[in-house]
2 protein chains.
Amino acid sequence: MVPKKLRQGKILEVIRKGAVHNQQELLVHLRRAGIHVTQATLSRDIKELGLVKGAEGYREFGPRVYFASEETLRHLLREFLSDTKASGNLVILKTNPGCAQTVAVALDRAGWPELAGTLAGDDTILTVVAEGYRSQDIQQKIQRLIG
Amino acid sequence: MVPKKLRQGKILEVIRKGAVHNQQELLVHLRRAGIHVTQATLSRDIKELGLVKGAEGYREFGPRVYFASEETLRHLLREFLSDTKASGNLVILKTNPGCAQTVAVALDRAGWPELAGTLAGDDTILTVVAEGYRSQDIQQKIQRLIG
DNA sequence: CCCCAGTCTGTATATTTATTCCTTTTATTG
DNA sequence: CAATAAAAGGAATAAATATACAGACTGGGG
C-alpha cells in the first residue's frame with residue numbers, strides 16, 4: 001500500500017511535468033510509477049490538493065491563506081516564489097501563476113516594518129521598501145527566509 | 001439572439017461575483033439576465049474564456065497568450081499600446097481597456113533582461129526596469145519595436 | 001441570385017468526474 | 001488485547017461536462 005502523502009506528492013510531480021487532461025490519464029501515469037489506485041481516489045486527491053482543471057489540463061491554484069505567521073510565510077515563499085529582484089526602492093517577486101495575490105497577502109500580514117506596501121498581479125508582486133531601508137537588504141532577507 | 005461577446009462578458013461578470021460550481025448553475029444565472037443558452041454552449045464558452053474549475057467553482061486563470069516571440073509582442077504592442085511614459089525606474093504603458101494583462105504577459109514571456117517585472121491592471125502596465133538599465137532606454141526600445 | 005466556406009448553436013450522446021455505499025485498514029482507549 | 005472510532009479506498013452509479021453531428025445564419029465571390 002502506497003501512502004497517501006506519497007501518492008499526492010507524485011500527482012503534483014506529474015501535473016507539474018506535463019499536461020494531464022483527465023483522471024484516466026493521471027491514473028496511467030501513476031501506475032507507471034507503481035502506484036495503483038482507482039479514478040475515485042484520484043478525484044478525491046485532486047480536491048484535497050486544490051487542483052484546478054482548465055483547457056490545459058490540471059494545474060495547481062494558489063491556496064487561500066488567512067493568517068500568516070513568519071512560518072506560513074516561509075512555507076508559501078518556498079512553495080510559490082520563483083524569483084526575486086531588487087530595483088530602486090522596489091523588490092520584485094515572481095511567483096507561480098495565480099499565486100501572487102496569496103503571497104502578497106501573507107507578506108502584508110507578516111507586518112515587516114521594512115515594507116511600505118505590496119501590490120500583486122497574477123504572478124508578480126511589487127514590494128515597495130520603506131524609507132530608510134535598502135531593497136537589496138530586503139531581497140536578501142527574503143532569500144534567507146527560504147534558504 | 002444575444003451576441004456571443006456579450007454572453008461571455010456576462011459569464012465573467014457572474015463568476016467574478018460569486019462561486020459557480022457547475023454549468024447548470026451558470027445557465028440559471030444567465031437566464032436571470034435574459035440570456036438563454038444550452039449547457040453545450042456554456043461548455044464551449046468556458047473553454048474559449050480559458051476558465052478553470054476547482055473545488056471553489058469556476059475561476060479565471062492567467063493569460064491567454066502562451067508564447068511570445070518578439071514578433072507576437074510587436075503585434076500586440078502595435079495593436080493595443082496607446083502611450084508610454086518613463087518615470088524613475090518604471091515605464092508606464094497605457095493600453096486599450098482590458099488589454100493590459102495580455103500585453104504584460106507577452107512582455108514577461110519575451111524575457112527581456114532589462115525588465116525586472118511587470119504588473120498589469122486593466123489598461124495600465126507598470127514595468128519595473130532592472131538594476132543597471134535606464135527606463136528612458138527601455139521606453140525607446142519599446143517605441144522602436146512598434147515604429 | 002446562388003453557392004461556398006465559416007461561424008454559431010442546439011440536440012443527442014459519449015466521456016469524464018463526483019458521490020454513495022460498503023469493506024478494509026489504521027489508530028485510540030479502556 | 002478487544003472494542004470502537006476514524007480514515008481510506010474500491011465498485012457502482014449519479015452527475016457534470018465535452019463533443020459529434022446537423023441545421024441556421026452570414027458574408028463574400030462569381
Side-chain angles (χ1 to χ4, degrees), chain A residues 1-64 75 97-98, chain B residues 1-66 72 75-76 79 98-99 102:
Chain A
M1 165 73 86
V2 181
K4 179 171 161 180
K5 269 285 179 58
L6 176 61
R7 182 184 64 233
Q8 296 190 341
K10 191 72 191 174
I11 290 175
L12 292 178
E13 190 183 310
V14 168
I15 69 151
R16 277 172 192 154
K17 186 162 342 180
V20 177
H21 292 89
N22 60 50
Q23 299 178 4
Q24 183 59 36
E25 212 172 302
L26 181 55
L27 191 148
V28 171
H29 277 289
L30 292 180
R31 192 164 290 172
R32 286 210 191 101
I35 299 174
H36 184 289
V37 281
T38 59
Q39 171 268 323
T41 298
L42 294 184
S43 171
R44 292 186 272 243
D45 282 344
I46 283 166
K47 188 188 234 178
E48 279 182 33
L49 290 168
L51 301 186
V52 119
K53 187 190 183 187
E56 325 277 309
Y58 286 102
R59 305 191 57 167
E60 294 168 79
F61 198 97
R64 271 128 234 114
H75 284 311
Chain B
M1 165 75 87
V2 181
K4 179 170 161 181
K5 269 284 178 59
L6 176 61
R7 182 183 65 232
Q8 294 189 344
K10 191 70 191 175
I11 290 175
L12 291 178
E13 191 183 309
V14 168
I15 69 151
R16 277 172 192 152
K17 189 164 339 183
V20 177
H21 292 90
N22 59 50
Q23 299 178 4
Q24 183 59 37
E25 213 172 301
L26 180 56
L27 191 149
V28 172
H29 277 289
L30 291 180
R31 193 163 289 172
R32 286 210 192 102
I35 300 174
H36 184 289
V37 280
T38 59
Q39 172 267 323
T41 298
L42 295 184
S43 171
R44 292 185 273 243
D45 282 343
I46 283 166
K47 187 190 235 177
E48 278 183 34
L49 290 168
L51 301 187
V52 119
K53 188 191 182 186
E56 325 277 311
Y58 286 101
R59 306 192 56 167
E60 292 169 79
F61 197 97
R64 269 121 235 145
V65 177
Y66 293 102
T72 318
H75 283 312
L76 286 171
E79 186 93 27
C99 302
T102 305

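Letters go in sequence order (proteins before strands), and every chain restarts at 1.
For DNA chain D, the span of nucleotides reached by chain A at under 4.0 Å from its heavy atoms goes, 5' to 3', from D/dA8 to D/dA11.
Note that NZ of B/K10 is 11.0 Å distant from CG of B/L26, once rounded to the nearest 0.5 Å. A distance of 5.0 Å separates CG in A/L49 from CG in A/L12, rounded to the nearest 0.5 Å. In this structure, CG on B/L51 lies 4.5 Å from CD1 on B/I15, to the nearest 0.5 angstrom.
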Under 4.0 Å protein heavy-atom contacts per nucleotide of nucleotides 17-23 of chain C, with B for base, S for backbone only and - for none
BBBB---

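Closest approach of A/A55 and B/K47 over heavy atoms only: CB-CG, 4.2 Å. When all heavy atoms of B/V37 and B/L27 are compared, the closest pair comes out as O-CD1, 3.5 Å.
A heavy atom lying under 4.0 Å from DNA chain D marks none of the residues of residues 28-36 of chain B.
When the local axes at the two ends of the helix from C/dC1-D/dG30 to C/dG30-D/dC1 are compared, using 5 base pairs at each end, they differ in direction by 20° after rounding to 10°.
Residues satisfying the side-chain hydrogen bond (donor to acceptor under 3.5 Å, both in side chains) test with B/K53, not counting sequence neighbours, are none.
Residue pairs satisfying the salt bridge (Lys or Arg N to Asp or Glu O under 4.0 Å) criterion with at least one member in residues 37-46 of chain B, sequence neighbours excluded, are listed as follows: B/R7-B/D45. Counting only residues at least two apart or on different chains, the side chain to side chain donor-acceptor pair (under 3.5 Å) pairs with a member in residues 24-35 of chain A are A/R31-A/H36.
You'll find the side chain of B/I46 reaches within 4.5 Å of the side chain of B/Y58, heavy atoms only.
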